[in-house]
Amino acid sequence: MKIMTNTIICILLVTAASADDCKPSKLSDQAIKLIKPLMELRVRQNKEQFTEDGRWRGESQYTPDVEKRFYSILKNRSKAGDEAVAYLLNVYMGEHSGEELVCEVINRGKRMLPLIREYKKCIPLIGIEPLHKFVRGSGYLPQYAEEGILKDEKCTHE
């Protein structure tokens, strides 16, 4: 019994230490200028499209602006654009958009690995936290992107 109790205490201490390891980095000012307006629109879009318990209400008036900003970020190949797409791997933009995002990150290649790994451990703050529950990501996209880069995959998106 004592061994089991000690094991549980050790697990709890390690878990608590891991949570404390998250010290969010700051995105560059240029990246925040790209990502923050998109995320503000995305939160509004989701609040308009879904009830609090997740039932679909209908398409949001913000959808065209969300899509326009999202695709603009995908096309931005600057350092700030890299930060923004790495950030987006950690939020939910929709299934199709998520696939396009992972594809874009894979195509950018190994330069993305440090950002993916850093943001996966601790997503940077952008000033609108906490994100709406339907906007928080699942955690799988950074993994998919990292695996694709390490396998030297190439892909196309619309």
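Note that these values count all heavy atoms, side chains included, but never hydrogens, waters or copies made by symmetry. Residue indices begin at 1 and follow the sequence shown.
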Out of curiosity, [X] [atom1] to [Y] [atom2], how far, rounded to the nearest 0.5 Å?
| X | Y | atom1 | atom2 | answer |
| --- | --- | --- | --- | --- |
| Met93 | Glu100 | CE | CD | 11.0 Å |
| Glu99 | Leu101 | CD | CG | 11.0 Å |
| Leu41 | Glu67 | CG | CD | 11.5 Å |
| Leu27 | Tyr87 | CG | OH | 7.5 Å |
| Cys103 | Arg108 | SG | CZ | 11.0 Å |
| Asp82 | Ser28 | CG | OG | 10.0 Å |

Does [X] come within less than 4.0 Å of [Y], counting only side-chain N to carboxylate O?
| X | Y | value |
| --- | --- | --- |
| Lys47 | Glu52 | no |
| Lys121 | Asp21 | no |
| Glu104 | Arg77 | yes |

State, yes or no, whether a side-chain contact exists between [X] and [Y] at a heavy-atom distance under 4.5 Å.
| X | Y | result |
| --- | --- | --- |
| Val105 | Leu141 | no |
| Pro24 | Ile123 | no |
| Arg42 | Tyr62 | no |
| Leu34 | Arg69 | no |
| Thr51 | Arg57 | yes |
| Met112 | Val85 | yes |
| Ile149 | Ile116 | yes |

Look only at the side chain of [X] and the backbone of [Y], and say whether a donor-acceptor pair between them is shorter than 3.5 Å.
| X | Y | result |
| --- | --- | --- |
| Glu48 | Gln61 | yes |
| Ser97 | Gly94 | no |
| Asn76 | Ser72 | no |
| Glu129 | Gly127 | yes |
| Asn107 | Thr156 | no |

Common cluster, Leu125/Ile35, ILVMFWY with side-chain heavy-atom separation under 4.5 Å: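 The answer is no; the residues belong to distinct hydrophobic clusters.
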
Same cluster (ILVMFWY, side-chain, under 4.5 Å), Tyr140 and Leu88: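 Tyr140 clusters together with Leu88.
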
Test Ser138 against Tyr92 for side chain to side chain contact (heavy atoms under 4.5 Å, CB included), laying out the working first. CA-CA 7 Å; Ser138 66; Tyr92 182 72; over 6 Å; no

Say whether Gln49 and Ser60, considering side chains only, have a donor N or O and an acceptor N or O under 3.5 Å apart. no

Enclosure of Lys75 NZ (heavy-atom neighbours >12, cutoff 6.0 Å): no

Taking atom NZ of Lys26 as the centre, does the number of heavy atoms from other residues, nucleotides or ligands within less than 6.0 Å exceed 12?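 Enclosed.
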
Kindly write out the residues that satisfy ring-ring contact (aromatic ring centres under 6.0 Å, His included) with Phe50, not counting sequence neighbours, or none if the list is empty.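 For Phe50 the ring-ring contact (aromatic ring centres under 6.0 Å, His included) partners, ignoring immediate neighbours, are Trp56, Phe134.
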
Between Ile128 and Lys36, does the side chain to side chain contact (heavy atoms under 4.5 Å, CB included) criterion hold? Intermediate values first, please. CA-CA 8 Å; Ile128 61 166; Lys36 187 174 180 178; 3.7 Å; yes

Between Lys79 and Gln30, is a side chain to side chain contact (heavy atoms under 4.5 Å, CB included) present by the stated rule, with each step listed? CA-CA 9 Å; Lys79 186 176 183 305; Gln30 296 89 348; over 6 Å; no

Evaluation steps, side chain to side chain contact (heavy atoms under 4.5 Å, CB included), between Tyr119 and Leu89: CA-CA 9 Å; Tyr119 298 175; Leu89 287 172; over 6 Å; no

